[in-house]
Trainee: 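I have a structure here, written as structure tokens, and I will follow up with some questions on it.
Chain identifiers are assigned alphabetically (A, B, ...) following the order of the sequence lines, protein sequences preceding nucleic acid strands; residue numbering begins at 1 within each chain. FYI, side chains are in, hydrogens and waters are out, and symmetry mates aren't considered; it's all heavy atoms of this structure.
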2 protein chains.
Amino acid sequence: MGAVERRARQREEVRSQIVDAARDIVVNEGYHALTMRRIAEAVEYSPAAIYQYFQNRDAIAVAVTSEGFVQLLHAFAPSRSLDNPRARLEAIARAYVDFGLTNPQTYRLMFMEDPEITRALLAQPDRNDPGTQAYLAIVEPIALLAQQGAIDARDDASVRAIADTLWVTVHGIVSLKLTCPTFPETPVDVLIASAMRTFFEGILKR
Amino acid sequence: MGAVERRARQREEVRSQIVDAARDIVVNEGYHALTMRRIAEAVEYSPAAIYQYFQNRDAIAVAVTSEGFVQLLHAFAPSRSLDNPRARLEAIARAYVDFGLTNPQTYRLMFMEDPEITRALLAQPDRNDPGTQAYLAIVEPIALLAQQGAIDARDDASVRAIADTLWVTVHGIVSLKLTCPTFPETPVDVLIASAMRTFFEGILKR
DNA sequence: GTCTATAGGCTGATAGAC
DNA sequence: GTCTATCAGCCTATAGAC
């Protein structure tokens with residue numbers, strides 16, 4: 001026993017060192033700085049060696065982005081204990097914006113940079129990937145509100161339309177602030193409060 | 001008369017040929033393809049000659065982006081004839097999303113790529129640049145609604161907070177669709193209808 | 001003003017030795 | 001598996017001839 005498993009383990013070890021190094025480069029210098037040479041330098045291998053572990057640079061970028069979705073899902077964890085669906089949604093929305101603003105380069109990679117990378121992780125029908133899980137964390141409380149009759153949403157598509165409305169709002173806050181930090185001038189906490197208030201006033205029946 | 005003015009005119013002519021070529025490259029291939037060599041090839045000059053007209057590549061990118069803001073402002077023009085502030089806002093919001101989706105590479109350059117380029121055009125106190133004009137096109141109808149007592153907005157900052165809420169919403173729709181064209185699945189016309197309905201239900205007093 | 005030539009970098013990816 | 005060496009490009013920007 002052992003030799004095969006040990007080698008597989010060592011291989012995984014090196015792979016994760018590569019992804020760790022790549023993540024550090026992206027976080028500190030942005031996606032544009034993610035080159036095979038820089039990664040190789042960081043893990044103290046030759047650039048050629050990296051290709052034994054990843055087919056190309058894109059595959060490494062996808063691995064880093066995938067980690068980002070895991071982190072985002074983790075950022076949602078505390079909110080999930082809230083029973084009240086509105087409170088949960090609001091906590092998730094704030095966690096989302098907070099995640100994006102505190103991990104700007106990761107967020108850019110996940111949602112603003114290369115559609116191919118984003119598609120590789122979000123466009124799959126697989127309902128167990130972290131990206132879809134994060135999405136469902138938004139959909140579920142909305143479905144609950146619909147069930148309770150608190151909002152108007154006859155079918156599944158209507159529930160998802162409202163969830164997507166919330167998603168584009170928080171994504172809009174993050175992505176605009178990342179590219180235009182000073183204009184518009186509304187501070188981000190005021191902006192998110194206004195957006196949340198407007199959203200709930202807009203969807204809740206009265 | 002003549003010699004000095006003619007040279008200035010010719011100079012402007014070449015400058016605008018350069019910007020036109022740069023815009024075509026961005027529109028057809030994206031910002032990453034905007035290189036001095038490609039621009040020079042398109043205008044049939046040597047790369048070195050371009051530096052007689054622009055200090056560097058960034059200055060050309062700023063000029064292209066600036067044109068984008070002019071185009072955006074033009075896209076708003078038809079909406080401005082609408083007297084009803086809500087109808088005007090809704091028309092502007094739809095024009096905004098339409099502009100972003102039909103000019104994806106220009107939109108990326110304006111709002112999703114390089115914060116330096118965006119700042120060069122948006123962060124100035126100058127209230128006459130097209131970017132600020134476009135922003136004011138959103139602020140004004142909101143101020144009107146506030147004046148009419150249709151919404152709750154005591155002061156200027158509150159008006160701007162609501163305007164910014166609308167802006168991040170439409171920006172969120174465009175920028176998410178540009179990077180994730182297929183996920184979320186809500187079609188863009190349904191999404192914008194939901195977002196507009198939610199926004200107005202959310203801000204209008206009843 | 002415009003050119004050629006070039007400095008001085010950078011990139012992803014691969015062949016072939018060990 | 002890992003290396004060195006290299007292919008085959010790409011880039012911005014400038015010096016200096018004309």
Trainee: Keeping to residues at least two apart or across chains, list the side chain to side chain donor-acceptor pair (under 3.5 Å) pairs with something in residues 66-88 of chain B.
Mentor: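 Of all non-adjacent pairs touching residues 66-88 of chain B, those that pass side chain to side chain donor-acceptor pair (under 3.5 Å) are R23(B)-E67(B).
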Trainee: Which residue pairs satisfy the side chain to side chain donor-acceptor pair (under 3.5 Å) criterion with at least one member in residues 129-140 of chain A, sequence neighbours excluded?
Mentor: D129(A)-T132(A), Y135(A)-D164(A)
Trainee: Step through it carefully: locate the ring centre of F111(A), locate the ring centre of F69(A), and say whether they are under 6.0 Å apart.
Mentor: yes
Trainee: Whole angstroms only, please: what is the CZ-P distance between R7(B) and dG1(C)?
Mentor: 7 Å
Trainee: Sort and list the pairs that fulfil side chain to side chain donor-acceptor pair (under 3.5 Å) and have at least one residue in residues 105-119 of chain B, not counting sequence neighbours.
Mentor: Y96(B)-Y107(B), Y107(B)-H171(B), E116(B)-R119(B)
Trainee: In whole Å, what is the span from the OH atom of Y45(A) to the P atom of dT4(D)?
Mentor: 13 Å
Trainee: Rounded to the Å, how far apart are Q52(B) CD and dT14(D) C1'?
Mentor: 11 Å
Trainee: Once side-chain contact (heavy atoms from CB on, under 4.5 Å) is applied, do any residues pair with T165(B), and if so which ones, sequence neighbours excluded?
Mentor: L191(A), S194(A), A195(A), T198(A), F199(B)
Trainee: Counting side-chain heavy atoms from CB outward, which of dT2(C), dG1(D), dC3(D) is closest to S46(A)?
Mentor: dC3(D)
Trainee: Salt bridge (Lys or Arg N to Asp or Glu O under 4.0 Å): which pairs involve residues 38-62 of chain A, sequence neighbours left out?
Mentor: E29(A)-R38(A), R38(A)-E41(A)
Trainee: Any salt bridge (Lys or Arg N to Asp or Glu O under 4.0 Å) pairs touching residues 176-197 of chain A, not counting sequence neighbours?
Mentor: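 Listed once each, the pairs are E185(A)-R160(B).
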Trainee: Need one value for F54(A): base, sugar-phosphate or nothing, where a base atom within 4.0 Å counts as base even if backbone is also close, heavy atoms only.
Mentor: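 It contacts nothing in the nucleic acid.
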Trainee: Protein within reach of the bases, or only the backbone? For nucleotides 10-18 of chain C, mark each nucleotide 5' to 3' as B, S or -, using heavy atoms under 4.0 Å.
Mentor: -BBBBB---
Trainee: Of the residues in residues 9-22 of chain B, which ones touch DNA chain D at a heavy-atom distance under 4.0 Å?
Mentor: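 Contacting residues: none.
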Trainee: Applying ring pair (Phe, Tyr, Trp, His ring centres under 6.0 Å) as the test, list every pair that has at least one member in residues 12-43 of chain B; sequence neighbours left out.
Mentor: none
Trainee: Can you measure Y53(A) atom OH to dG1(D) atom C1' for me and round it to whole angstrom units?
Mentor: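 Distance check: Y53(A) OH to dG1(D) C1' gives 6 Å.
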